Peer 1: 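Sharing a structure, written as C-alpha cells. Questions coming.
Each ligand, and each atom within it, is numbered from 1 in the order the structure gives. Remember, predicted model here, so these are calculated numbers, not experimental data.
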Amino acid sequence: MNTITSAITAVGAYVPDFVLSNKVLETMVDTNDEWITSRTGIKERRILKGDKLGTSFLAIKAAQNLIEKSGLDPKEIDMVIVATATPDMPVAATAVYVASQIGAINAFAYDLQAACSGFLYGMSTASAYIQSGRYKKVLLIGADKMSSIIDYTDRATCIIFGDGAGAVLFEPNNEGLGLQDEFLRSDGIGREYLKIDAGGSLLPASKETVENSQHYVFQDGKTVFKYAVTGMADVSAKIMERNNLTNDSVDWLIAHQANRRIIDATASRMELDESKVLINIEKYGNTTSATLPLLLSDFESKFKKGDNLIFAAFGGGFTWGSIYLKWAY
Ligand code: UT7
C-alpha cells in the first residue's frame, strides 16, 4: 500500500534587527553577562520595536521569506496555522490576518497555543491534515513577540526571551520521507509554574491586574527546569527506542532553545555527538514557538535528503514531546 507521508518542503524565517545584549540587560536589571551565559547559553536576543507591530508582523515576514525562497504560489496554500503564545489580539486569530496578508486567499487559518511546544504540536497537526489526503499544502508558522509579555524589571524572565518567527511548508511525499513518528505529552500540573495570571477568563483585565503586573509572564524557573530536563530527555530517548534509532543513525537534534543546559542534558541522554546538536540560543534566546523553525532556517544548508531529525520541545502547560522526521530535500 502506498501511504502518504507529510514532508517539510520549504523553510523561511525572520528576526527583528534590534539586538538586546546581555551587556545592555546589565544596565536594566541586577544581572551580568557571566551569569546569563553560564546558566542559559544566551548572549543576545532580538526585540521587535515599532508602534502597532505585533506577532503577525513577524509571521508575515517569515512566510514571505519562505515564499520568495521556494517560489511557492500563495494561492495554492490550503491552510495556515500560526503557533503562538502572543497572538496580535485575544480574539480574531493572528493566522487569519497573516494568511490574507501573504496572499493565501484560498486557505483557511487558525492559531494553535501550546506555549513553547506550539510549533512541535503544530507539526503534528499540519502532518495529520496532509496524511489524511485532505490538503496538499499546509503552511505552519511559529511566531512570538515575547517582548510584549515580558516584565523588563524581572531578571528571572527578561534575560531569557526574545522575538522571532519561522515558517515551514508541509506537502505530501510518496518516498516515505517526512514525519515518521511522534510522542506528544501534556500535564496540567505545570500551569502554576509558567503562566500569565490575568487577561483570560479566569482573571479578566482590570486596573488591579495591571497595577499588580499580572499581565506579564511568571516563571518558577527552577521547577520548570527540573521538569524540562527530565521531560525532554525522556521523550527523545523514547522516540529513538521505538524507531530503533541509535546515536549513529540520528543525524540532527532540533531541540527547543530554552536553556543550553536542558539541550545538553537531552543530547547526553541520547548519547549524541555534539556536532549533531543544533544550537542558536546564543543569538536569539528563547523565542517560544519560533525556536524550532529558526533552527531549521539557520542550519538548512547542512541537511541532506533522508537525514534523520529528532525534534524535541518542552513548555508551559506543561506541554512537551518529540517528533522523528526524515528530511525530504
Ligand atoms: O521554554 C519554556 C520552558 N522554560 C524553561 O525551560 C526554562 C527553565 N528554567 C531555566 O532555564 C532556569 O531555571 C533559569 C535560567 C530561569 C534560572 O537558572 P537557575 O540555574 O535555575 O537559577 P535559579 O533560579 O536557581 O537562581 C540561582 C541564583 C539565585 O540566587 P541565590 O538564591 O542562589 O543567591 C537567583 O536569585 O541566581 C540568582 N538569579 C540571577 N542572578 C543573576 C536568578 N536570576 C538571575 C539573573 N542574574 N538574571
Peer 1: Within the 4.5 Å heavy-atom criterion, are Y152 and L20 side-chain neighbours or not?
Peer 2: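 In contact.
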Peer 1: Identify the closest protein heavy atom to atom 1 (O) of ligand 1: which residue and atom is it, and at what distance?
Peer 2: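 It is N286 ND2, 2.7 Å.
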Peer 1: Verify the contact flag for atom 24 (O) of ligand 1, where contact means a protein heavy atom under 4.0 Å away.
Peer 2: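 Within 4.0 Å of atom 24 (O) of ligand 1, no protein heavy atoms are found.
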Peer 1: Within the structure, does at least one protein heavy atom fall under 4.0 Å of atom 33 (O) of ligand 1?
Peer 2: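 Answer no: nothing from the protein, no heavy atom, is under 4.0 Å.
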Peer 1: In the complex you have, is atom 48 (N) of ligand 1 within reach of the protein, judged by whether a heavy-atom distance drops under 4.0 Å?
Peer 2: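 Under 4.0 Å from atom 48 (N) of ligand 1, at least one protein heavy atom found.
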Peer 1: Please find the pair of heavy atoms, one from K283 and one from D298, that lie closest to each other, and give the distance.
Peer 2: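 In terms of heavy atoms, the two residues are closest at NZ-OD2, 3.2 Å.
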Peer 1: Would N32 count as being in polar contact with ligand 1, using the rule that some N or O on each side must be under 3.5 angstrom apart?
Peer 2: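 Checking ligand 1 against N32, no N or O pair falls under 3.5 Å apart.
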Peer 1: Fit a plane to each ring of F318 and Y227, take the angle between them on a 0 to 90° scale, and name the class: parallel (under 30°), tilted (30 to 60°) or perpendicular (over 60°).
Peer 2: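 Rings of F318 and Y227: tilted, as their planes differ by 30° to 60°.
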Peer 1: Mind listing the closest non-hydrogen atom pair of N247 and E271 along with its distance?
Peer 2: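 Where N247 meets E271 most closely, the heavy atoms are ND2-O, 2.9 Å.
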Peer 1: Might you check, step by step, whether the distance between atom 39 (N) of ligand 1 and some protein heavy atom is under 4.0 Å?
Peer 2: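 Yes, because at least one protein heavy atom sits under 4.0 Å from atom 39 (N) of ligand 1.
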Peer 1: For atom 6 (O) of ligand 1, find the nearest protein heavy atom and state the residue, atom name and distance (0.1 Å precision).
Peer 2: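 Of the protein heavy atoms, I262 CD1, 3.3 Å lies nearest.
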Peer 1: Checking the N or O distance criterion of under 3.5 Å, is ligand 1 in contact with V224?
Peer 2: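 N/O-N/O distance below 3.5 Å does not exist for this pair.
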Peer 1: Under the 4.0 Å line, does any protein heavy atom show up next to atom 20 (O) of ligand 1?
Peer 2: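 Given the 4.0 Å cut-off, atom 20 (O) of ligand 1 counts as touching protein heavy atoms.
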Peer 1: How close does the nearest protein non-hydrogen atom get to atom 16 (C) of ligand 1, and which residue and atom is it?
Peer 2: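 Answer for atom 16 (C) of ligand 1: I160 CD1, 3.6 Å.
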Peer 1: Between V229 and K226, is there a side-chain heavy-atom distance shorter than 4.5 Å?
Peer 2: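 No - every pair of side-chain heavy atoms lies 4.5 Å or more apart.
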Peer 1: Are the charged groups of D33 and K43 less than 4.0 angstrom apart, N to O?
Peer 2: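 Yes, charged N to carboxylate O under 4.0 Å.
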Peer 1: At a non-hydrogen distance cut-off of under 4.0 Å, which region of I36 contacts ligand 1 (side chain, backbone, both, or neither)?
Peer 2: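 It is neither part, as no heavy atom is under 4.0 Å.
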Peer 1: Quick check on contacts: which atoms of ligand 1 are under 4.0 angstrom from a heavy atom of A258?
Peer 2: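 Reading through ligand 1 atom by atom, the close ones are 1 (O), 5 (C), 6 (O).
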Peer 1: For F314, counting its heavy atoms only, list the atoms of ligand 1 lying under 4.0 Å from any of them.
Peer 2: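 Every atom of ligand 1 under 4.0 Å from some heavy atom of F314: 1 (O), 2 (C), 3 (C).
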Peer 1: Any protein heavy atom sitting closer than 4.0 Å to atom 36 (O) of ligand 1?
Peer 2: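 Yes, because at least one protein heavy atom sits under 4.0 Å from atom 36 (O) of ligand 1.
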Peer 1: Looking only at heavy atoms, which two atoms of T287 and G164 are closest? And how far apart?
Peer 2: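 Reported closest heavy-atom pair: CG2-N, 4.1 Å.
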Peer 1: If you measure from the Lys or Arg side-chain nitrogens to the Asp or Glu carboxylate oxygens, is any gap between E282 and R45 under 4.0 Å?
Peer 2: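 So E282 does not pair with R45 through a salt bridge.
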Peer 1: Look at atom 2 (C) of ligand 1 and say which protein heavy atom is nearest, naming residue and atom and giving the distance to 0.1 Å.
Peer 2: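 Its nearest protein heavy-atom neighbour is C116 SG, 3.2 Å.
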Peer 1: I need the atoms of ligand 1 closer than 4.0 Å to a non-hydrogen atom of T40, numbered in the order shown.
Peer 2: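 Under 4.0 Å from T40, ligand 1 has these atoms: 15 (C).
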Peer 1: Heavy-atom distances under 4.0 Å decide this one: backbone, side chain, both or neither, for I159 against ligand 1?
Peer 2: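 The answer is the side chain of I159.
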Peer 1: Against heavy atoms of K222, which atoms of ligand 1 measure under 4.0 Å?
Peer 2: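 With K222 as reference, the close atoms of ligand 1 come out as 13 (O), 25 (O).
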Peer 1: At their closest point, which heavy atom of A114 faces which heavy atom of T319, and how far apart are they?
Peer 2: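 Taking A114 first and T319 second, the nearest heavy atoms are O-OG1, 3.1 Å.
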Peer 1: So does D251 pair up with K304, basic N to acidic O under 4.0 Å?
Peer 2: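 No, D251 and K304 are not salt-bridged.
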Peer 1: Kindly identify the option in H256, R260, Q219 whose heavy atom sits closest to atom 7 (C) of ligand 1.
Peer 2: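 That would be Q219.
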Peer 1: Among protein heavy atoms, which lies nearest atom 10 (C) of ligand 1, and at what distance?
Peer 2: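 Going atom by atom, the protein heavy atom closest to atom 10 (C) of ligand 1 ends up being N259 ND2, 3.6 Å.
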Peer 1: Which of the listed options, G221, G41, C158, holds the heavy atom that is closest to atom 9 (N) of ligand 1?
Peer 2: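 Of the listed residues, G221 has the closest heavy atom.
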Peer 1: Would you call K238 and E241 a salt bridge, taking side-chain N to carboxylate O under 4.0 Å as the test?
Peer 2: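 Salt bridge absent between K238 and E241.
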Peer 1: Thinking salt bridges, do D197 and K195 make one under a 4.0 Å N-O criterion?
Peer 2: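 Answer for the salt bridge query: yes.
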Peer 1: Which residue, F311, F299, W252, F303, forms the ring-ring contact (aromatic ring centres under 6.0 Å, His included) with W327?
Peer 2: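 The residue from F311, F299, W252, F303 that satisfies ring-ring contact (aromatic ring centres under 6.0 Å, His included) with W327 turns out to be F303.
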Peer 1: Looking only at protein heavy atoms, which one is nearest to atom 18 (O) of ligand 1, and how far off is it?
Peer 2: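 Checking every protein heavy atom, the shortest distance to atom 18 (O) of ligand 1 gives R261 NH2, 3.6 Å.
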Peer 1: Between W35 and ligand 1, is there a nitrogen or oxygen pair with a distance under 3.5 Å?
Peer 2: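 Yes, there is a polar N/O contact under 3.5 Å.
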Peer 1: What protein heavy atom sits nearest atom 30 (O) of ligand 1, and how far off is it?
Peer 2: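 Of every protein heavy atom, R155 NH2, 4.8 Å lies nearest to atom 30 (O) of ligand 1.
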Peer 1: Between T5 (side chain only) and L177 (backbone N and O only), is there a donor and an acceptor less than 3.5 Å apart?
Peer 2: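 Yes, T5 side chain to L177 backbone: donor-acceptor pair under 3.5 Å.
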Peer 1: How close does the nearest protein non-hydrogen atom get to atom 27 (C) of ligand 1, and which residue and atom is it?
Peer 2: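 The answer is R39 NH1, 3.5 Å.
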Peer 1: Should the proximity of V29 to ligand 1, defined as any heavy atom under 4.0 Å, be assigned to the side chain, the backbone, both, or neither?
Peer 2: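 Contact part for V29 vs ligand 1: neither.
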Peer 1: Between K136 and D78, is there a side-chain N and carboxylate O pair less than 4.0 Å apart?
Peer 2: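 The answer is no: the pair does not qualify as a salt bridge.
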